[in-house]
Amino acid sequence: MIIIKQQSLIKGAFILMIAGLLNRVLGFILRIILVRIIGDEGLGLFQMVFPIFVTCSIITTLGLPVAISKFVSKEVAQNRYRNALKIFKISLLIVVGSTILVVSLFAKNTDFIAANLLNDTRTNHILLAITPALLFVSISSILRGFFQGLRIMTPTAISQIIEQIARMTITLLLLAKLMDTSLKSKTLAPAIGTSAGEFVGLLTLGAIFMYYLPQLRKYRDNKKAESTITIVKNLMKFGIPITIGRIVASLMYTVEAITIPGKLQQVGYSISEATSLYGQLSGMVLQLIYLPTIITIALSSNLVPAISESLAQNNEQAIRKRAHEAIRLTFYFGLLAVSILFIVPNEICNLFFNHPQSGDVLRIIAIPAIFLYLAQISGGILQGLGKPNLVVKNSVLGLLAEIGMIYSVIYFPSTLAFKIITLAIGIRYLIVALLNFKSISKFVKLKLPINHLFIKPILASTIVFLTLRQIYQMMDYISSSPVLSLSTSIIISTLFYFAFLVWTNGISSDDFKKIK
């Protein structure tokens, strides 16, 4: 008996994609404004702090959001709603306790973090302003994990949109007040905006949870709930590898935030130049690369509980079907995105950030970015299969390869250093994706259809390569408007891309039906 209507993999992912797209658009608008007001140096300071914040939030949640998603979906598949609620309550108590401890330590040591880890005392006040967000984001992640375990994605989507609107509004209001102040003061705006946005997002999730709670309590199953000790053991057994994996992922950004500016200084750049270049890479180029992850994140959020549910029912065919579906959608959308970013990188960077020179770096990392998207979706498959430890192992190996390349820049001319560092990030994507798929093959034989999954989208992307630049030049000649020229050329090329996939049955009528 299902008391709450679950959403299919594609429908759930579609809901999160729409919310993610709106969030990214709003986030991009805010980032464009930030670049123009606080500059790439100010953006670089904020981006240096953010990996530390993300690492601390990972520690506070202990991997429990993904664990809840997996175990709640398993309980719901067996109509054990009482146990599902108990898993949620125990997880919430654990996270509240860990968050209070971490927030206390974090707030007392911002001076040390700024001076010794980030090597820039200007980041101290940013660290303090973003501290409250740790509490809010940790509790919110538990609520989202619970809803995802129930296979309903609407609460997550709604809360993310409201959170982003609140963050953007408060940040812009603060920037307006701080317009004539120093750079140090201006960088407070995005930090305070982040804390405020997370608070509003938590309130939204709490209200939605209270709406669903009576429906869950109405269902009286006769199955005895597991003991608290058993639940804690299961959560920790699954959650700790997730935590380690996410710390490794966050460590990638932390290592980049610390190592990249340092290595650039070592090869001859000044502190200001190194910070600005890192701001361009992390605050501009990588933000464009991460834009398509709204799809992979949405798919992964649905994939973990969906595969876990199929695994609980020993349905290998369903596991294979859902994995194929997620990989196909990832490759279709990811290949389109990297094609566009590779063909018109300077125009995109100029339009969004007024930094056309960053397009040279964007082109370097654009093609390898497809492996970032495949790494994310393959990691979701492994987590659904209950193998988060393999995600950790593969991520560590990818990180080590990246660090090795970053440290090697001292042996190359300074003019090549920044490009090599950028390429190192792309190499990490490639290694992690390949290792993830190798790990999956040990448990599930995916038998990926080469023609349907790879050949058709590659041919479709060839059409984008043949048309995008030509349409842009024609529109630029006619209108002399960069916005109109770029948007029109991207839209038309995208239509050609998907029209080819529909024509060749790469995208079928069944795909559209699953969204309804």
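Keep in mind that what you see is a predicted model, and the values were worked out from it rather than measured.
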Exercise. Got a second to check how far Asn23's CG is from Gln160's CD, nearest 0.5 Å?
Worked result: 5.5 Å
For this session: Check whether any side-chain heavy atom of Thr296 lies under 4.5 Å from a side-chain heavy atom of Thr293, and answer yes or no.
Result: yes
Problem set entry | Distance (rounded to the nearest 0.5 Å) between Leu178 CG and Lys186 NZ | 9.0 Å
For this session: Please report the closest heavy-atom contact between Ser195 and Thr131, naming both atoms and the distance.
Result: OG-N, 4.4 Å
For this session: Give the C-alpha distance, both sets of side-chain angles, the deciding distance and a yes or no for side chain to side chain contact (heavy atoms under 4.5 Å, CB included) between Gln287 and Ile289.
Result: CA-CA 5 Å; Gln287 294 306 314; Ile289 292 297; over 6 Å; no
Problem set entry | Expected output: side-chain Asn436 to main-chain Ala375 donor-acceptor under 3.5 Å | yes
For this session: Describe, in one word, how the ring planes of Phe88 and Phe146 are oriented to each other, choosing from parallel (under 30°), tilted (30 to 60°) and perpendicular (over 60°).
Result: tilted
Seminar exercise, completed: In terms of heavy-atom contacts, Val338 and Ala369 come closest through CG1-CB, 3.9 Å
Problem set entry | Beyond-backbone contact of Thr99 with Ile139, side-chain heavy atoms, under 4.5 angstrom | no
For this session: Would you please indicate if the ring centroids of Phe333 and Tyr373 are separated by under 6.0 Å?
Result: no
Seminar exercise, completed: The side-chain contact (heavy atoms from CB on, under 4.5 Å) partner of Leu435 among Val396, Leu397, Leu430, Val391 is Leu397
Exercise. Does the side chain of Pro190 reach to within under 4.5 Å of the side chain of Leu34, using non-hydrogen atoms?
Worked result: yes
Problem set entry | Closest heavy-atom pair and its distance - Asn394, Ser439 | ND2-OG, 3.3 Å
Exercise. Under the 3.5 angstrom rule, does the side chain of Ser57 hit a backbone N or O of Val54 as a donor-acceptor pair?
Worked result: yes
For this session: Can you measure from OG1 (Thr123) to CD1 (Ile130) and round to the nearest 0.5 angstrom?
Result: 11.5 Å
Seminar exercise, completed: Between Phe443 and the options Leu390, Ile381, Ile319, the side-chain contact (heavy atoms from CB on, under 4.5 Å) test singles out Leu390
Problem set entry | Candidates Val102, Leu127, Val137 - the one meeting side-chain contact (heavy atoms from CB on, under 4.5 Å) with Cys56 | Val102
Seminar exercise, completed: Of all heavy-atom pairs linking Tyr212 and Pro155, the shortest is CE1-CG, 4.1 Å
Exercise. Under the side chain to side chain contact (heavy atoms under 4.5 Å, CB included) criterion, do Ile307 and Gln383 qualify, and how do the steps go?
Worked result: CA-CA 9 Å; Ile307 288 183; Gln383 288 175 356; over 6 Å; no
Exercise. Does some side-chain heavy atom of Leu235 sit less than 4.5 Å from a side-chain heavy atom of Ser91?
Worked result: yes
For this session: Calculate, to the nearest 0.5 Å, the distance between atoms OG and CD belonging to Ser159 and Gln164 respectively.
Result: 11.5 Å
Exercise. Hey, what do you get for CD1 (Ile113) to CD1 (Ile126), rounding to the nearest 0.5 Å?
Worked result: 13.0 Å
Exercise. How close do Ile440 and Ser378 get, heavy atom to heavy atom, and via which atoms?
Worked result: CD1-O, 3.6 Å
For this session: May I ask you to decide if Thr60's main-chain N or O and Ser98's side chain share a donor-acceptor pair within less than 3.5 Å?
Result: yes
Exercise. Would you say Leu134 and Glu198 make side-chain contact, with heavy atoms under 4.5 Å?
Worked result: no
Problem set entry | Positive for side-chain contact (heavy atoms from CB on, under 4.5 Å) with Ser140, one of Thr204, Thr61, Leu202 | Leu202
Exercise. Do any N or O atoms from the side chain of Thr110 and from the backbone of Phe106 form a donor-acceptor pair under 3.5 angstrom?
Worked result: no
Problem set entry | Heavy-atom side-chain contact between Thr187 and Arg122 under 4.5 Å | no
For this session: Report yes if the side chains of Leu286 and Ile365 come closer than 4.5 Å at any heavy-atom pair, otherwise no.
Result: yes
Exercise. Salt bridge (charged side-chain N to carboxylate O under 4.0 Å, His left out) with Glu163: which residues, sequence neighbours excluded?
Worked result: Arg144, Arg167
Problem set entry | Donor-acceptor pair, side chain of Thr171 and main chain of Thr194, under 3.5 angstrom | no
Exercise. How many angstroms lie between CD1 in Ile165 and CD1 in Ile170, if you round to the nearest 0.5 Å?
Worked result: 12.0 Å
For this session: Check Ala337 against Pro292 and note the closest heavy-atom contact, atom names and distance.
Result: CB-CG, 3.4 Å
For this session: State which residues pass ring-ring contact (aromatic ring centres under 6.0 Å, His included) with Phe199; sequence neighbours excluded, sorted by chain then number.
Result: Phe136
Exercise. Would you say Leu374 and Tyr429 make side-chain contact, with heavy atoms under 4.5 Å?
Worked result: no
For this session: Would you check if there is a donor-acceptor pair between the side chains of Asn83 and Glu75 at a distance under 3.5 Å?
Result: yes
Problem set entry | Verdict with reasoning, Val432 to Phe371, per side chain to side chain contact (heavy atoms under 4.5 Å, CB included) | CA-CA 8 Å; Val432 174; Phe371 296 103; over 6 Å; no
For this session: Take Leu188 and His125 through the test side chain to side chain contact (heavy atoms under 4.5 Å, CB included) and record every step on the way to the result.
Result: CA-CA 7 Å; Leu188 271 173; His125 67 295; 3.2 Å; yes
